[in-house]
Number of protein chains: 2
Amino acid sequence: MKKTSLNDIALHLGVSKTLVSFVLNGKGKEFRISEEICKKVLAVSKELNYQPNRIAQGLRTGRTNTIGLIIADIANPFFGILGREIEQEAAKFGYRVIFCSSDENPEKSRQQIEMLQQSQVDGYIISPPKDSEDQIRALALGNVPLVLIDRFFPEIECNQITVDNFDAAYRATNHLLRMGRKRIANITVNLDLINMNQRTEGYKQALRDSGHRVEESLIKVLPFSHENKEVAKAVKDLVTKNSQNKVDAILFSTSKLGINGIESISALGLKIPDDIAIVSFDNPDAYKICVSPVTVVNQPLKEIGKTAVQILLGEIKHPDNHAKIQKIILKTDLIIRKSCGS
Amino acid sequence: MKKTSLNDIALHLGVSKTLVSFVLNGKGKEFRISEEICKKVLAVSKELNYQPNRIAQGLRTGRTNTIGLIIADIANPFFGILGREIEQEAAKFGYRVIFCSSDENPEKSRQQIEMLQQSQVDGYIISPPKDSEDQIRALALGNVPLVLIDRFFPEIECNQITVDNFDAAYRATNHLLRMGRKRIANITVNLDLINMNQRTEGYKQALRDSGHRVEESLIKVLPFSHENKEVAKAVKDLVTKNSQNKVDAILFSTSKLGINGIESISALGLKIPDDIAIVSFDNPDAYKICVSPVTVVNQPLKEIGKTAVQILLGEIKHPDNHAKIQKIILKTDLIIRKSCGS
DNA sequence: CTGAAAGCGCTTACAG
DNA sequence: CTGAAAGCGCTTACAG
């Protein structure tokens with residue numbers, strides 16, 4: 001059972017496919033096609049269950065109504081929520097989205113970009129991994145719209161939507177200080193990306209502004225693909241009684257680190273917040289029900305996703321906007337729960 | 001700067017695009033095209049950065065190398081992990097995936113299926129919502145491969161990969177009984193779907209087999225889009241001291257219910273497992289670090305995803321397999337942590 | 001060994 | 001008001 005094509009409808013009615021195309025695209029009025037013919041076309045197309053072949057439309061028009069999304073890992077709820085919002089906002093305007101998880105691996109993202117190019121996507125939303133600067137620059141120079149989310153490269157002029165990471169970490173650290181913590185560590189992940197750097201910078205600045213010394217040994221930078229063990233090791237070094245690095249608070253720069261960190265702290269038999277206070281970036285469910293609900297830096301994920309789609313579609317509809325680059329920096333919330341004491 | 005096409009390469013070399021197409025598709029040998037011409041073609045295609053237009057290929061060959069995925073919600077880590085695995089396995093074989101979240105809404109899934117049809121996807125992997133039986137039946141009757149995951153409709157002959165939900169719930173309930181619990185409730189969600197029903201049936205059977213009475217008032221069925229409040233209400237009715245429904249254990253049929261449920265239990269000032277024991281389906285991070293780490297029914301998500309892709313691609317490559325329907329039922333693990341006492 | 005030609009299913013100037 | 005024709009970028013019988 002072959003699919004119904006425009007031609008089938010035309011043949012069926014003894015008219016041209018030009019006419020059928022016009023009617024089905026709602027241009028009946030515009031081309032002053034008679035009411036009754038319009039009705040017939042619509043009726044037959046329904047009767048034969050006509051489904052336009054979007055691939056053929058795409059080839060002809062150069063528009064596929066598809067956007068390509070590259071994030072680190074769709075299984076990570078941070079990107080899951082983001083991806084969900086992007087999918088939903090895109091669907092509102094008739095766009096579909098091809099999802100790609102790069103694992104923060106530039107070779108993977110390179111292949112994914114290539115695949116998306118070949119798929120003729122109308123635009124890209126990308127959370128670029130480190131060392132992907134050249135790929136992104138090349139893309140930005142092309143004439144297909146692009147929006148970066150979560151991170152960006154300062155040297156590339158390109159639409160981008162991020163969060164004020166410096167400010168977020170600054171406020172989080174300040175909160176720990178206000179709660180009376182004296183010695184605060186930062187556990188972060190080596191993404192070699194500006195967003196993570198800004199978090200650590202915000203942390204340092206808050207310490208300095210309150211007259212504390214920044215101790216490099218209290219900043220633990222783990223590789224991106226860290227094992228549970230590595231987090232445990234970092235935590236152990238920071239919380240053990242007779243360690244010279246003994247701290248009374250930790251700022252986790254990602255929730256993956258935070259969740260592993262809390263597991264380690266519990267395993268060591270220490271209590272949050274009594275023995276150690278905690279603030280973490282991101283707000284997974286885990287933090288709501290854990291031993292001591294965690295104070296977090298909450299990012300406006302839905303707004304990031306929605307805005308990214310809106311900017312992208314705006315540029316797709318109006319290619320003359322291509323030159324007008326938008327750099328949007330959103331604010332975060334500090335959600336105070338119990339992990340810093342009261 | 002227009003994209004390079006096959007024709008550009010052909011013109012550049014003064015050969016036909018037929019030849020170029022053959023070489024680029026690795027059919028140089030097959031058509032005994034001279035070594036040097038092959039080399040030239042490859043060189044020029046690299047030089048001009050030729051990217052094949054997959055949309056044009058798709059129109060011509062009727063294959064888009066794209067699969068459509070419909071799950072309930074990609075922001076839910078259960079589906080995030082599943083989706084991730086599907087994306088990854090598909091990518092291995094050169095397939096891209098369009099992600100769709102149905103929100104368990106049959107009208108949405110109908111639109112999504114239509115969109116995917118129009119996009120000429122080569123196959124579907126679907127976790128169908130309730131009341132989508134007609135849509136799925138129609139799809140299964142078509143000649144595009146289809147694999148259902150997580151749930152299925154007993155009356156539709158169709159590839160499907162699920163888990164032994166009855167057995168999982170049976171074992172989970174038995175575990176609670178072995179841990180000395182006397183009165184066990186089940187909180188589930190009204191998906192009107194076989195997988196959820198099987199869970200509750202397994203729970204009932206375990207009670208019966210151990211000589212307990214099944215009390216319908218201990219089975220709380222919440223609507224799919226439940227608020228936190230509704231879970232809280234159900235929990236409250238089950239755990240309050242002087243409630244006639246007072247129980248000493250709860251089996252949660254989804255992790256969303258479980259996470260909300262734990263929040264409610266904590267809010268009521270009750271202790272897990274002392275006051276109430278808990279087992280939940282699914283294994284989110286939250287359960288590892290929560291007040292009392294939760295004993296869970298862990299589903300082999302990666303295996304589900306991987307197998308789904310393999311069956312789908314097998315059928316895409318060998319359409320004659322279309323008749324051989326595969327129904328796969330995987331086993332679950334009961335991961336014992338602390339929420340049932342020791 | 002290589003090329004001219006048809007055709008996938010559309011849209012869209014162009015002609016009348 | 002309607003239709004014939006070209007063409008998007010490929011692949012693939014067919015011919016020589």
Side-chain angles (χ1 to χ4, degrees), chain A residues 1-41 44-45 48-66 94 117-122 144, chain B residues 1-41 44-45 48-66 94 117-122 144:
Chain A
M1 188 190 64
K2 228 183 99 296
K3 283 176 191 159
T4 309
S5 75
L6 264 193
N7 210 25
D8 296 331
I9 301 178
L11 252 41
H12 202 271
L13 282 168
V15 298
S16 73
K17 50 183 183 169
T18 304
L19 191 151
V20 177
S21 172
F22 285 156
V23 173
L24 259 26
N25 287 323
K27 296 186 182 167
K29 279 269 176 306
E30 184 180 334
F31 288 88
R32 279 175 292 174
I33 293 164
S34 71
E35 275 290 317
E36 46 179 343
I37 292 201
C38 285
K39 275 187 187 160
K40 274 188 197 165
V41 168
V44 171
S45 104
L48 300 181
N49 187 28
Y50 173 65
Q51 301 284 4
N53 183 328
R54 304 275 175 209
I55 238 68
Q57 284 181 332
L59 181 59
R60 176 59 227 244
T61 63
R63 295 260 101 111
T64 54
N65 280 32
T66 303
Q117 277 175 322
Q118 298 182 352
S119 302
Q120 316 295 121
V121 296
D122 294 338
V144 181
Chain B
M1 189 192 65
K2 229 184 102 286
K3 284 176 191 158
T4 308
S5 75
L6 264 194
N7 211 25
D8 296 331
I9 301 179
L11 252 39
H12 201 270
L13 283 169
V15 298
S16 74
K17 49 183 184 171
T18 304
L19 191 152
V20 178
S21 171
F22 285 157
V23 174
L24 260 26
N25 288 323
K27 298 187 182 167
K29 280 269 177 306
E30 184 179 336
F31 289 90
R32 282 175 287 174
I33 293 163
S34 71
E35 275 290 318
E36 44 177 346
I37 292 203
C38 283
K39 275 187 186 160
K40 275 190 195 165
V41 168
V44 171
S45 106
L48 300 181
N49 187 28
Y50 173 67
Q51 301 284 4
N53 183 328
R54 303 276 175 208
I55 239 66
Q57 284 182 331
L59 181 58
R60 178 57 229 246
T61 62
R63 294 259 103 109
T64 55
N65 280 35
T66 302
Q117 276 175 321
Q118 298 181 354
S119 300
Q120 317 295 123
V121 296
D122 294 338
V144 181

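Residue numbers start from 1 in every chain, and the chains themselves are labelled A, B, ... in the order their sequence lines are given, proteins ahead of strands. Keep in mind it's a predicted model, so treat the numbers as computed, not measured. All values below were derived from every heavy atom in this structure, side-chain atoms included, with hydrogens, water molecules and symmetry-related copies excluded.
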| field | Trace of the side-chain hydrogen bond (donor to acceptor under 3.5 Å, both in side chains) decision for A:Gln57 with A:Arg54 | value | CA-CA 5 Å; A:Gln57 284 181 332; A:Arg54 304 275 175 209; 2.9 Å; yes

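- At a threshold of 4.0 angstrom between heavy atoms, the contacts of B:Leu59 include nucleobase atoms, whether or not backbone atoms are also involved.
- The side chain of A:Asn25 contributes an N or O atom lying less than 4.0 Å from OP1 or OP2 of C:dT11.
- Interatomic distance, CG of B:Leu48 versus CD1 of B:Ile9, reported as 6.0 Å (0.5 Å rounding).
- The shortest distance between the side-chain N/O atoms of A:Thr61 and the OP1/OP2 oxygens of C:dT11 is not below 4.0 Å.
- Look at A:Lys27 and you'll find a side-chain N or O under 4.0 angstrom from OP1 or OP2 of C:dT12.
- The base of C:dT12 sits with one of its N or O atoms less than 3.5 Å from a complementary donor or acceptor on the side chain of A:Thr18.
- Judged by distance alone, with hydrogens and angles left aside, the side-chain atoms of A:Thr64 form a donor-acceptor pair with the main-chain N or O of A:Gln120 at under 3.5 Å.
- To the nearest 0.5 Å, atoms CD (A:Gln118) and CG (B:Asn53) are separated by 9.0 Å.
- If you take CD on A:Glu35 and CD1 on A:Ile37, they are separated by 11.0 Å, rounding to the nearest 0.5 Å.
- The residue A:Leu19 sits close only to the backbone: its heavy atoms come under 4.0 Å of sugar-phosphate atoms, none of a base.
- Under the Watson-Crick and G-U wobble criteria, each requiring two contacts below 3.5 Å, nucleotide D:dA15 is paired to C:dT2.
- Atom CD1 of B:Ile33 and atom P of D:dT12 are 14 Å apart (whole Å).
- Atom CD1 of B:Ile37 and atom P of C:dC1 are 10 Å apart (whole Å).
- In terms of phosphate contacts, B:Ser5 brings no side-chain nitrogen or oxygen within less than 4.0 Å of OP1 or OP2 of D:dG9.
- Atom NZ in A:Lys17 sits 11.0 Å away from atom CG in A:Asp8 (nearest 0.5 Å).
- Atom CG in A:Asn7 sits about 13 Å away from atom P in C:dT11, given to the nearest Å.
- Atom OG in B:Ser45 sits 15.0 Å away from atom NZ in B:Lys40 (nearest 0.5 Å).
- If you check residues 50-57 of chain B against DNA chain C, you find no residue with a heavy atom closer than 4.0 Å.
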